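A quick write-up on the structure given underneath.
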Protein chains: 2
Amino acid sequence: MYRTHTNGQLRAADITKKVTLAGWVQKTRDKGFMVWVDLRDRYGITQLIFDEERTPKEMMATASQLGREFVIQVTGTVIERESKNPNMPTGDIEILVSEITVLNKSLTPPFTIEDETDGGEDLRMKYRYLDIRRKPVRNNLVFRHKVTMAVRNYLSEKEFIEVETPYLIKSTPEGARDFVVPSRMNEGQFYALPQSPQTFKQLLMVGGMDKYFQIVKCFRDEDLRADRQPEFTQIDCEMAFIEQEDILNTFEGLTRHLLKEINGVEIGDFPRMQYDDAMRLYGNDKPDIRFGMRFGELNKVAQHKDFNVFNTAELVVGIAVPGGNSYTRKEIDKLIDWVKRPQVGALGMVYCRVNDDGSYKSSVDKFYDQEDLAKWAEVTGASKGDLICVLSGDTGKVRAQLSALRMELAERLGLRKADEFAPLWVVDFPLLELDEETGHYHAMHHPFTSPKPGQLELLDTNPGDVKANAYDLVLNGNEIGGGSIRIHDKKTQAIMLKHLGFSEEEAKAQFGFLMDAFEYGAPPHGGIAFGLDRLVAILGGQETIRDFIAFPKNNAGRDVMIDAPAPLDTEQLEELHLKLDME
Amino acid sequence: MYRTHTNGQLRAADITKKVTLAGWVQKTRDKGFMVWVDLRDRYGITQLIFDEERTPKEMMATASQLGREFVIQVTGTVIERESKNPNMPTGDIEILVSEITVLNKSLTPPFTIEDETDGGEDLRMKYRYLDIRRKPVRNNLVFRHKVTMAVRNYLSEKEFIEVETPYLIKSTPEGARDFVVPSRMNEGQFYALPQSPQTFKQLLMVGGMDKYFQIVKCFRDEDLRADRQPEFTQIDCEMAFIEQEDILNTFEGLTRHLLKEINGVEIGDFPRMQYDDAMRLYGNDKPDIRFGMRFGELNKVAQHKDFNVFNTAELVVGIAVPGGNSYTRKEIDKLIDWVKRPQVGALGMVYCRVNDDGSYKSSVDKFYDQEDLAKWAEVTGASKGDLICVLSGDTGKVRAQLSALRMELAERLGLRKADEFAPLWVVDFPLLELDEETGHYHAMHHPFTSPKPGQLELLDTNPGDVKANAYDLVLNGNEIGGGSIRIHDKKTQAIMLKHLGFSEEEAKAQFGFLMDAFEYGAPPHGGIAFGLDRLVAILGGQETIRDFIAFPKNNAGRDVMIDAPAPLDTEQLEELHLKLDME
């Protein structure tokens with residue numbers, strides 16, 4: 001062992017002890033007659049002292065030549081510090097060094113290893129091993145470990161068994177694109193990396209494992225958006241002989257446990273909201289309910305006048321911005337510009353001030369009188385001093401636009417507090433979703449989700465109306481988990497796949513093993529999967545998942561540190577029976 | 001919830017309770033006037049009873065029509081059994097059923113769902129979800145979960161942090177073949193799946209994580225031998241600021257903890273053996289020391305006579321088989337045939353009986369007198385009643401042959417007891433290994449292993465003699481873990497790579513990021529990786545790793561259940577810029 005103690009360990013009680021420490025040079029202060037070194041490791045920082053009265057000359061020289069990030073080992077005596085630092089756990093002491101060994105030198109790091117660094121994102125990714133030395137990054141990784149340990153111990157105590165499912169599986173055209181793996185031993189054939197262990201966990205239920213979980217990597221070859229990773233981690237869970245209510249209770253229990261264990265926050269029963277209500281009240285299936293600004297649908301109170309924009313709209317909907325009447329005209333114009341940005345896409349915004357005397361002043365006073373506007377205020381819940389923002393258009397689009405505005409305003413108003421946690425179950429999702437491009441329905445969750453009892457027949461006539469036994473767990477405006485009760489009989493699964501456009505042959509080729517399994521006594525079952533990266537980020541009070549991944553990829557799916565992906569040797573390609581087909 | 005209790009839960013104290021149970025029909029006994037059903041789930045079996053006096057007629061009919069593996073839900077009253085079964089935890093009670101629902105029917109399973117099944121390996125793999133319903137398979141998976149939980153909690157308590165390293169990394173030609181993953185977004189480029197997170201865990205040490213572990217899938221595209229899997233699981237660990245001694249102590253602690261926690265076996269300090277001694281005394285770098293039969297090298301006492309076979313051999317070596325003098329001539333001939341099989345490859349075997357009167361009778365009495373043979377007995381440690389088996393030839397080959405014989409005989413003699421655990425550290429491995437085909441040296445462990453202090457210079461003159469700071473943990477004749485102290489400076493790493501045949505450009509292209517990292521203050525570090533599949537199997541008293549993997553692949557690397565790998569759609573190949581290059 002290169003040390004007797006870590007750099008976070010020594011206290012006043014250790015004074016007079018002889019100790020050996022090792023770590024990195026965080027910084028040195030060289031006064032000529034005295035040199036101080038802050039020695040850092042994962043556990044903390046300890047101050048070393050060298051002075052010309054007590055330190056041999058050549059050791060003084062060594063000390064004054066130490067560069068940032070040099071790795072050193074020192075032996076010395078714990079002494080009391082003259083000027084104590086109450087902000088450091090080791091701030092009462094310092095080490096009077098009697099021996100020093102430079103274990104490794106360091107080039108000057110390309111950015112400072114400080115809580116607030118001067119390195120840009122790209123540089124920090126290239127030298128991620130140096131970035132990890134920074135306390136905020138290191139703490140995120142330690143935090144992630146604590147969360148996964150808490151998850152595993154909780155589920156294990158509830159008799160869930162962690163079962164490893166395979167990574168080399170079969171490609172399925174449903175859902176996102178698979179990453180594939182050519183098989184050398186099976187010429188012309190490919191494995192696929194799992195987008196999730198969905199079918200395997202269902203087979204484990206057929207196999208009688210009863211309660212399964214796994215913290216597992218999943219892979220999706222998507223065109224990357226900001227903060228999406230081609231590989232991500234799921235807490236994947238499944239239970240047999242349960243109903244939706246059991247899943248909700250079990251995983252509400254897990255989430256409550258994490259909030260308490262990790263964040264010290266006690267939360268009672270999680271509210272539940274129907275998907276339709278979430279869309280109506282928040283324009284969004286993952287509403288942030290830490291704050292209000294619920295949608296008020298204004299069709300009835302805004303489509304009786306001559307304002308054609310509203311009259312021709314499918315939906316007229318508004319929110320009341322608390323205190324928004326304080327916005328200047330210029331600020332409101334900026335807000336209008338904001339909603340008109342292509343990322344949001346609104347054509348314009350109508351607004352209405354609620355003055356302190358209770359009168360209204362709107363951008364459409366030409367069409368609407370005080371009585372009309374009072375109704376708008378009533379529907380949106382606006383009080384004196386608020387600003388009502390109203391958008392109109394096609395229901396789907398206008399909800400998304402107003403939802404974006406609501407979140408933006410909440411951010412600006414400081415209503416999205418990182419240390420406040422508002423979980424919410426969104427339930428009764430539609431089974432199918434219309435793909436507007438192709439005009440086809442596809443599974444909103446996945447093809448194994450069961451419709452609500454008695455709704456199977458609706459599939460032929462009103463496919464969009466069929467509700468599923470599907471649910472999402474939302475935390476602070478983020479979907480942290482989603483799941484469903486599954487189909488567990490071959491007939492229903494076959495009907496479902498038919499409605500999703502699979503021919504009988506395709507269904508058999510892709511999911512034959514699952515449908516076969518359903519013929520040998522499949523129990524009722526269902527489950528949920530949590531996105532671990534996001535869950536950890538939110539529990540950590542942040543929203544960027546990349547900050548909680550040790551070695552993330554950039555938006556082009558590249559690992560810039562190791563420079564992957566990379567070309568292969570021709571020989572390797574030949575062994576795999578492959579040729580490049582470059583344009 | 002479909003049940004109030006599991007099928008392993010009810011006891012005499014529950015008699016008179018009304019309960020609801022769900023599970024699979026294990027078997028039915030239909031006496032006409034009475035039907036018994038064994039209801040099974042993960043937790044146990046509970047007996048249900050229907051009789052014509054107390055059960056409505058139509059329910060009797062339902063009960064008598066239940067097939068094996070039907071999934072049912074029953075409600076009924078817990079009653080005392082007339083004939084109790086002391087071998088079952090629920091053997092004191094049975095359920096008088098008042099309601100029954102068939103939740104799902106089952107076709108007749110292709111093999112019996114019993115501890116001893118009639119299904120062959122192939123059939124059980126195709127219907128793995130049914131195989132998992134069998135208690136021995138299920139218990140293995142539950143056992144695996146217990147082991148991994150124990151590992152994680154132990155390491156976590158010792159301040160190790162589990163960090164997830166990426167699965168989509170870069171291909172390196174060193175070591176086994178990589179599985180590769182074509183990148184759609186980076187035309188003509190490929191990721192590789194990790195053979196181990198080796199470089200990443202070293203970067204975590206450079207990054208100051210101090211103590212890392214991960215239970216992680218690894219991938220090797222090898223021509224599969226029996227009981228090898230293309231994907232396998234490692235307990236991967238690394239520590240900074242440590243020496244070999246610290247690693248040995250830490251992971252001896254982990255292993256001791258597992259043996260106690262999982263197997264209830266207390267084991268003191270693990271013995272340590274030098275690699276050279278292991279090869280000399282057991283012909284093997286992973287000796288099973290649950291039993292003796294150590295090798296005795298006989299060159300000195302067997303090469304002084306006219307027996308040319310021995311005189312021309314590099315090594316003459318024997319073992320004493322306890323009680324082996326009881327073997328008939330025919331049995332010994334069979335043993336000779338056994339060592340001559342191509343899998344072992346010996347040209348013949350000399351033997352020498354040690355009679356009860358202390359006299360010797362050998363197959364080479366023509367050449368050796370009683371005095372000579374007495375020396376053989378002395379060297380091999382043979383006593384009265386034993387049989388000395390002697391092989392000769394090239395050192396490497398003959399050691400492997402005699403080691404195979406030793407293990408086979410121990411198996412036959414019942415010396416390899418599944419409930420006895422004999423861990424052993426093998427230390428001081430050679431740094432390099434001569435590849436007899438190419439005449440080149442390659443890294444015995446991997447290119448990041450550090451040579452023993454002061455031996456770097458030997459690389460130029462006697463590369464085969466350089467010893468490494470490398471160690472294996474052996475349990476009952478299996479390598480369950482292996483690791484090393486790593487190189488942590490760029491210069492040594494460059495020398496090492498040069499000796500392994502990397503040009504400077506190749507070294508930079510493959511490992512540039514690691515060598516760069518070493519320039520920014522890399523701490524001394526080292527680690528170990530355990531093969532989880534094998535560790536679990538051995539702790540479970542078995543040796544076939546496949547039995548401890550939920551969904552294993554067969555020897556052709558295929559998953560016969562889901563039928564993977566499989567051909568890809570042409571469209572998918574095009575998106576990946578690939579063409580098949582079939583012969």
Side-chain angles (χ1 to χ4, degrees), chain A residues 1-3 22 24 42 69 71 104 106-107 129 132-133 141-142 145 149 156 161-163 166-170 179 181 183-186 188-191 203 206-208 210 217 221 231 241 246 513 517 519-523 550-551 557 561-562 564-568 577-582, chain B residues 1-3 22 24 42 69 71 104 106-107 129 132-133 141-142 145 149 156 161-163 166-170 179 181 183-186 188-191 203 206-208 210 217 221 231 241 246 513 517 519-523 550-551 557 561-562 564-568 577-582:
Chain A
M1 213 54 173
Y2 281 78
R3 62 191 176 207
W24 287 266
R42 186 181 112 198
E69 302 306 315
V71 185
N104 218 342
S106 174
L107 298 179
Y129 45 87
I132 290 173
R133 282 194 203 151
L141 298 181
V142 174
H145 168 67
M149 286 304 295
S156 190
I161 302 293
E162 184 162 22
V163 180
Y167 278 85
L168 296 172
I169 64 166
K170 191 157 86 169
F179 281 106
V181 181
S183 167
R184 183 178 53 87
M185 296 216 289
N186 300 273
Q189 301 191 12
F190 293 74
Y191 302 98
L203 291 174
V206 176
D210 208 67
K217 273 280 174 81
D221 184 11
E231 50 178 304
F241 298 113
D246 305 306
F513 61 95
E519 295 211 286
Y520 289 100
F551 299 101
M561 181 185 69
I562 62 169
L568 277 196
H577 323 290
L578 288 179
K579 266 186 192 162
L580 294 185
D581 182 22
M582 312 277 278
Chain B
M1 212 56 172
Y2 282 78
R3 63 192 175 206
W24 286 266
R42 186 181 112 197
E69 301 307 316
V71 184
N104 217 343
S106 174
L107 299 178
Y129 46 86
I132 290 173
R133 282 193 202 153
L141 297 181
V142 174
H145 168 68
M149 287 303 294
S156 190
I161 303 294
E162 184 162 23
V163 180
Y167 278 86
L168 296 173
I169 63 167
K170 191 157 87 168
F179 281 106
V181 181
S183 166
R184 181 178 54 86
M185 296 215 289
N186 300 272
Q189 300 192 11
F190 294 74
Y191 302 98
L203 291 175
V206 176
D210 208 68
K217 272 282 174 77
D221 184 13
E231 50 179 304
F241 298 114
D246 305 306
F513 62 96
E519 294 211 284
Y520 289 99
F551 300 101
M561 181 184 71
I562 62 169
L568 278 197
H577 324 289
L578 288 179
K579 266 186 190 162
L580 294 184
D581 181 24
M582 312 276 279

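Below, read A as the first sequence line, B as the second, and so on, with proteins coming before strands; counting in each chain starts at 1. All figures in this text were calculated on a predicted structure; none of them were measured in a lab.
- If you measure heavy-atom distances from A:Val142 to chain B, the contacts under 4.5 Å come from both the backbone and the side chain.
- Taking a cutoff of 4.0 Å between a charged side-chain nitrogen and a carboxylate oxygen, A:Arg3 and B:Asp246 do not qualify as a salt bridge.
- The shortest distance between side-chain heavy atoms of B:Asn104 and A:Glu519 does not fall below 4.5 Å.
- Interface remark: A:Met1 contributes backbone and side-chain atoms alike to the contact with chain B (heavy atom separation under 4.5 Å).
- Below 30°, between 30° and 60°, or above 60°: for A:Tyr520 and B:Tyr129 the angle between ring planes is between 30° and 60°, a tilted geometry.
- B:Arg184 pairs by the side-chain hydrogen bond (donor to acceptor under 3.5 Å, both in side chains) definition with A:Asp221, A:Asp223, not counting sequence neighbours.
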Criterion side-chain contact (heavy atoms from CB on, under 4.5 Å) on B:Val181 and A:Val181, from CA distance to verdict: CA-CA 5 Å; B:Val181 181; A:Val181 181; 3.9 Å; yes
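- Contact annotation for B:Met185: only side-chain heavy atoms (C-beta onward) come within less than 4.5 Å of a heavy atom of chain A.
- Considering only residues two or more places apart in sequence or on other chains, A:Ser156 meets the side-chain hydrogen bond (donor to acceptor under 3.5 Å, both in side chains) condition with B:His145.
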Audit row: A:Leu203, B:Phe551, side-chain contact (heavy atoms from CB on, under 4.5 Å) steps and yes/no: CA-CA 10 Å; A:Leu203 291 174; B:Phe551 300 101; 4.2 Å; yes
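- When heavy atoms are compared at a cutoff of 4.5 Å, A:Lys579 approaches chain B by way of both its backbone and its side chain.
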Check against side-chain contact (heavy atoms from CB on, under 4.5 Å), A:Arg133 and B:Val206: CA-CA 8 Å; A:Arg133 282 194 203 151; B:Val206 176; 3.4 Å; yes
